Amino acid sequence: MTIPAPPQIADTEEVATPPRRLTGVATLVALVAALVMAVGLAAWFRGEANQLTGSPAATNQALVDKDATAQVSAQISDAVKRVYSYDFGRLDDNERAANEVVTGAFVDNFRQQFAKIRQLAPPQQAVVVASVPAIAVKSLDGDRAIVLVFLDQQAHQAGQTKPLVATGRLSITAQRVDGRWKIADAESF
Amino acid sequence: MTSIATKPTLQSQTPQGGPLRKAILAVAALTVVALVTAGWFGLSWYMAAHDKSLAVSGERDAVLRNAAQATLTLNNIDYRHVQDGLTLWEQSATGQLLTQLRTNRDSYARAITDSATVTNGNVVDAAVAALDQQAGTAQALVALDVTSQVEKGDPGCVHRRVHLDMVRAGQSWKVSNLTPVGETYSEPGPCPPPASPK
């Protein structure tokens with residue numbers, strides 16, 4: 001490129017044409033190469049950034065937002081105790097207390113469950129006390145959370161001196177409704 | 001060099017140089033746009049890589065993976081390969097649990113061999129209960145079903161609930177304490193096949 005330059009100045013304007021075109025083409029080629037590289041870099045960086053921020057792990061706020069996680073744990077622990085406890089002498093109170101902490105599809109589910117309890121609990125004089133020895137929030141995304149609950153139930157019945165103890169494991173789908181975490185689904189396994 | 005060439009030829013070259021010049025300008029503009037875009041994404045990559053909450057979520061998921069895997073390992077044994085099994089147990093453990101496993105290794109080996117026990121665990125669900133990134137400690141809950149078979153007898157299924165204390169060990173997390181939560185619940189027969197993973 002530098003070699004044809006001197007005649008360009010010394011000679012007439014027409015002679016200058018070929019080197020100038022060559023220079024222009026070279027510039028264009030270099031620019032296209034630079035463009036391709038820049039686009040490549042942009043795509044690479046974007047991919048790396050998206051991999052870090054766009055994964056399900058990144059949107060899961062469990063333990064990242066410690067206050068929100070503690071709130072889910074406390075409220076769902078309370079909700080589980082309400083839903084899985086009852087006293088044959090206070091069934092109306094039990095149902096009212098539990099109805100405050102259920103939502104969505106689980107409302108119907110709980111109604112059916114409680115209808116059975118209304119039939120069975122009075123003749124057995126059953127009192128069931130639920131406790132949550134361990135709980136952990138598996139995922140938390142906005143107003144929805146999935147919580148692993150270890151549940152214990154102590155059942156006292158008429159004619160039995162020792163309570164029956166049942167242990168369970170639940171996966172609770174929790175939904176925040178008007179600032180309060182409620183049970184939207186419960187799966188026992 | 002281009003400036004020297006441009007001045008005398010600018011006017012006369014306009015008809016010929018026009019398209020080339022336009023192309024150069026267009027490509028140059030696109031290149032600038034692409035470089036700015038690359039810079040933007042480069043910056044967001046850098047920010048994501050140094051984001052504290054992303055670091056926490058990554059660590060939390062590592063704890064979850066390691067807790068589930070370690071619990072599985074610590075619940076799997078085959079009396080025909082008892083030494084291999086016990087070595088795997090020790091590799092999943094650290095601190096108090098590791099000391100306990102090493103101290104009792106011989107009695108464990110004898111008990112497993114004598115009863116001809118084969119166990120097969122399956123993690124049903126797991127979640128991280130607490131994480132202290134700076135201290136490198138965490139707690140996790142794991143629900144698992146273990147099918148247990150002794151030589152004389154039918155298989156049984158134990159539904160287990162365990163609480164794990166985890167400690168960061170290099171790139172991974174190991175179990176320093178494994179505590180059953182409440183009583184286990186057993187059923188005759190092998191455990192039901194695993195449902196869809198949660």
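Residue numbers begin at 1 in each chain, while the letters A, B, ... track the order of the sequences. In this text the structure is predicted, and so the values were computed from the model without any measurement. Side chains are part of it too, since the values below use all heavy atoms of this structure and drop only hydrogens, waters and symmetry mates.
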Does the side chain of [Y] come within less than 4.5 Å of [X]'s, by heavy atoms?
X: B:D125; Y: A:K138; result: yes
X: B:R161; Y: A:D152; result: yes
X: A:F45; Y: B:Y46; result: no

Using non-hydrogen atoms and a 4.5 Å limit, figure out which bit of [X] sits close to chain B: side chain, backbone, both or neither.
X: A:L151; value: backbone
X: A:I135; value: backbone
X: A:A62; value: both

What pair of heavy atoms forms the shortest contact from [X] to [Y], and how long is it?
X: A:A49; Y: B:A48; answer: O-CB, 4.5 Å
X: B:A34; Y: A:A38; answer: CB-CB, 3.6 Å
X: A:A136; Y: B:A127; answer: CB-CB, 3.7 Å
X: A:L63; Y: B:V128; answer: CD1-CG1, 3.4 Å

* Calculate, to the nearest 0.5 Å, the distance between atoms OG and CD belonging to B:S57 and A:Q61 respectively. =>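 One gets 7.5 Å once the value is rounded to the nearest 0.5 Å.
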
* CG/B:L20 to OG1/A:T27 distance, rounded to the nearest 0.5 angstrom? ->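 It comes to 8.0 Å.
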
If you count the non-hydrogen atoms of other residues, nucleotides and ligands that lie under 6.0 Å from [atom1] in [X], is the total more than 12?
X: A:R46; atom1: CZ; value: no
X: B:Q96; atom1: CD; value: no
X: B:Q171; atom1: CD; value: no

* To do: Tell me, with the steps shown, if B:W45 and A:W44 meet side chain to side chain contact (heavy atoms under 4.5 Å, CB included).
  => CA-CA 10 Å; B:W45 179 19; A:W44 176 34; 3.9 Å; yes

* Salt-bridge present (B:D145, A:R169; N to O < 4.0 Å) ->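 Yes.
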
Do [X] and [Y] belong to the same hydrophobic cluster, where Ile, Leu, Val, Met, Phe, Trp and Tyr are linked whenever their side-chain heavy atoms lie under 4.5 Å apart, directly or via other members?
X: B:L101; Y: B:V167; answer: no
X: A:L28; Y: A:V36; answer: yes
X: B:V142; Y: B:Y185; answer: no
X: A:V149; Y: A:F189; answer: no
X: A:V127; Y: A:L164; answer: no

Under 4.5 Å from any heavy atom of chain A - which part of [X]:
X: B:V63; value: neither
X: B:V181; value: side chain
X: B:L144; value: backbone
X: B:A130; value: backbone
X: B:I24; value: both
X: B:A126; value: backbone

* To do: Return yes if some donor-acceptor pair links the side-chain N/O of B:R60 with the main-chain N/O of A:V64 below 3.5 Å, else return no.
  =>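 Pair absent, no side-chain N/O of B:R60 close to backbone of A:V64.
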
* Asked: If only atom types and distance count, is the side chain of B:R21 paired as donor or acceptor with the main-chain N or O of A:G24 below 3.5 Å?
  ->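 Pair absent, no side-chain N/O of B:R21 close to backbone of A:G24.
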
* Top contributor to chain A contacts, counting heavy-atom pairs under 4.5 Å, from B:R160, B:Q139, B:K52 ->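 The option with the most such pairs is B:R160.
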
* **Residue among B:E183, B:H159, B:Q133, B:H163 with most heavy-atom pairs under 4.5 Å to chain A** =>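 The candidate making the most pairs under 4.5 Å is B:H159.
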
* **Of A:V39, A:L31, A:V32, A:L35, the residue whose pairing with B:L30 passes side-chain contact (heavy atoms from CB on, under 4.5 Å)** =>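 For B:L30, the side-chain contact (heavy atoms from CB on, under 4.5 Å) check succeeds only for A:L35.
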
